[in-house]
Amino acid sequence: MVVGARRRRQFSLVLKVVTLNVNGIRSAARKGLFRWLAAQKADVVCLQEIKAQEADLEAAQFSIRGYERQLHPARKKGYAGVALYSRGKPASVVKGFGVREFDDEGRFLEANFGNLSVISLYLPSGSAGPHRQASKFRFLDGFFHHLDKLKRSGREVILCGDWNIAHKEIDLKNWRSNQKNSGFLPEERAWMDELFGEARFVDAFREVDPRPEQYTWWSNRGQAWAKNVGWRIDYQIATPGAAKKAQRESIYLKRRFSDHAPLTIDYAL
């Protein structure tokens, strides 16, 4: 018995985290998302752009047996919003990061488990026009300050979600023609440089997978999915201590629940 106990202690506990922009949680549910999630046996699931209020999600089809669910919907119906499912009940939950413009849009949901915080995050898209790009830049400015606060907390943090920015040329197919488009603007990429530089956060996916053409979003135009003309804009970004524990990653492509693909990372925590 003692030998067996020693052998068990040689193995690390694995934290499995899934993130997905569902582009409407009700639509994704009809496409089989929750059956797939139940089969994954993840520890934490982060969803973005749920486009629903709590009252819309009372049916059993929006739950995962054995999981706690947290929601931060947008005030505006049918818009934005984030969700987080977890096997264990969080010690505490934080909705919003203190900037009313974006807290009203339901873009930040933090669940705390011991010394670990997992966050479901949905950055604004600037593709609808200059007014939305200006809003996106305001988000980046305000959120960078909050990232510093998270870092100073001393906790390990995993930020999961749709960041609506491709960081490097390797992260989108047609990078040359997109340098003046939202999502690959020099200012946005410079912000990501600071995130991974001065702020000392880490792109956990790139810790284990340096390959090109690893995309998580495809436009609905021009057969982008069929031709794999995609962008990697969905991330799990972590503090160094958590990021170095990343072991395995996967982008699920066999079925489509939205215009994004689920990103899963296992951490030896």
Side-chain angles (χ1 to χ4, degrees), residues 19-23 46 48-49 79-80 82 99 101-102 105 107-108 119-147 158-238 243 249 251-253 256 258-263 265:
T19 187
L20 171 65
N21 178 319
V22 293
N23 195 9
C46 296
Q48 303 85 42
E49 205 174 357
Y79 181 73
V82 290
V99 179
E101 176 184 1
F102 305 111
E105 293 181 346
R107 295 188 178 277
F108 179 96
I119 295 166
S120 186
L121 181 71
Y122 179 39
L123 270 69
S125 169
S127 59
H131 67 295
R132 291 307 301 163
Q133 187 63 44
S135 177
K136 186 176 185 178
F137 283 139
R138 289 194 299 272
F139 184 100
L140 296 181
D141 287 342
F143 193 58
F144 200 85
H145 295 296
H146 189 70
L147 286 168
I158 303 173
L159 296 125
C160 300
D162 178 1
W163 293 65
N164 267 312
I165 302 172
H167 182 212
K168 296 184 177 180
E169 295 168 3
I170 192 177
D171 294 320
L172 72 166
K173 186 73 169 182
N174 293 330
W175 66 267
R176 288 183 178 86
S177 60
N178 279 292
Q179 294 178 84
K180 295 183 179 180
N181 292 333
S182 182
F184 201 60
L185 294 173
E187 300 93 328
E188 296 171 334
R189 299 174 62 202
W191 187 88
M192 296 290 276
D193 287 340
E194 287 192 60
L195 175 65
F196 298 135
E198 175 188 333
R200 296 191 65 245
F201 280 85
V202 180
D203 184 345
F205 177 87
R206 286 302 185 205
E207 287 293 286
V208 291
D209 193 337
R211 296 175 298 164
E213 299 190 358
Q214 303 304 299
Y215 307 132
T216 61
W217 176 80
W218 298 260
S219 169
N220 289 321
R221 302 174 182 174
Q223 295 187 310
W225 168 258
K227 297 177 180 178
N228 197 28
V229 180
W231 298 53
R232 188 176 74 95
I233 57 175
D234 301 270
Y235 296 81
Q236 293 192 29
I237 291 173
E249 53 70 31
I251 298 173
Y252 181 72
L253 302 174
R256 300 198 74 191
S258 80
D259 51 350
H260 294 249
L263 168 63
I265 298 183

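- Centroid-to-centroid, the aromatic rings of Phe184 and His167 stay 6.0 Å apart or farther.
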- Task: Show your working on side chain to side chain donor-acceptor pair (under 3.5 Å) between Glu49 and Asn21 and close with a plain yes or no.
- Result: CA-CA 6 Å; Glu49 205 174 357; Asn21 178 319; 3.0 Å; yes

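- Minimum interatomic distance between Glu188 and Gly183 (heavy atoms only, all atoms of both residues): OE1-N, 2.6 Å.
- Ile158 places none of its side-chain heavy atoms less than 4.5 Å from the side chain of Ile119.
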- Yes or no on side chain to side chain donor-acceptor pair (under 3.5 Å) for Ser125 and Gln133, after CA distance, side-chain angles and deciding distance? CA-CA 7 Å; Ser125 169; Gln133 187 63 44; over 6 Å; no

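- Lys136 contributes a side-chain N or O that, together with a main-chain N or O of Asn164, makes up a donor-acceptor pair within less than 3.5 Å.
- Within the structure, salt bridge (Lys or Arg N to Asp or Glu O under 4.0 Å) pairs that include any residue of residues 220-232 comprise Asp171-Arg232, Asp203-Arg232 (at least two apart or interchain).
- The backbone N or O of His260 sits nowhere less than 3.5 Å from a side-chain atom of Trp218 that would complete a donor-acceptor pair.
- Using a 4.5 Å heavy-atom cutoff, the side chains of Asn220 and Asp259 are in contact.
- Under the 4.0 Å criterion applied to side-chain N and carboxylate O atoms, Arg176 and Glu169 are not assigned as salt-bridge partners.
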- Go through the steps for Asp234 and Thr216 under the test side chain to side chain donor-acceptor pair (under 3.5 Å), then give the verdict. CA-CA 6 Å; Asp234 301 270; Thr216 61; 2.6 Å; yes

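- Ring geometry for Phe102 versus Phe139: interplanar angle over 60°, hence perpendicular rather than tilted (30 to 60°).
- Counting only heavy atoms from C-beta outward, the side chains of Asn178 and Leu172 approach each other to under 4.5 Å.
- Using cut-offs of 30° and 60° on the angle between ring planes, the pair Trp163 and Tyr235 is perpendicular.
- Ser120 contributes no side-chain N or O that, together with a main-chain N or O of Cys46, makes up a donor-acceptor pair within less than 3.5 Å.
- Counting only distance, with no hydrogens or angles, the side chain of Gln214 and the backbone of Arg211 share no donor-acceptor pair below 3.5 Å.
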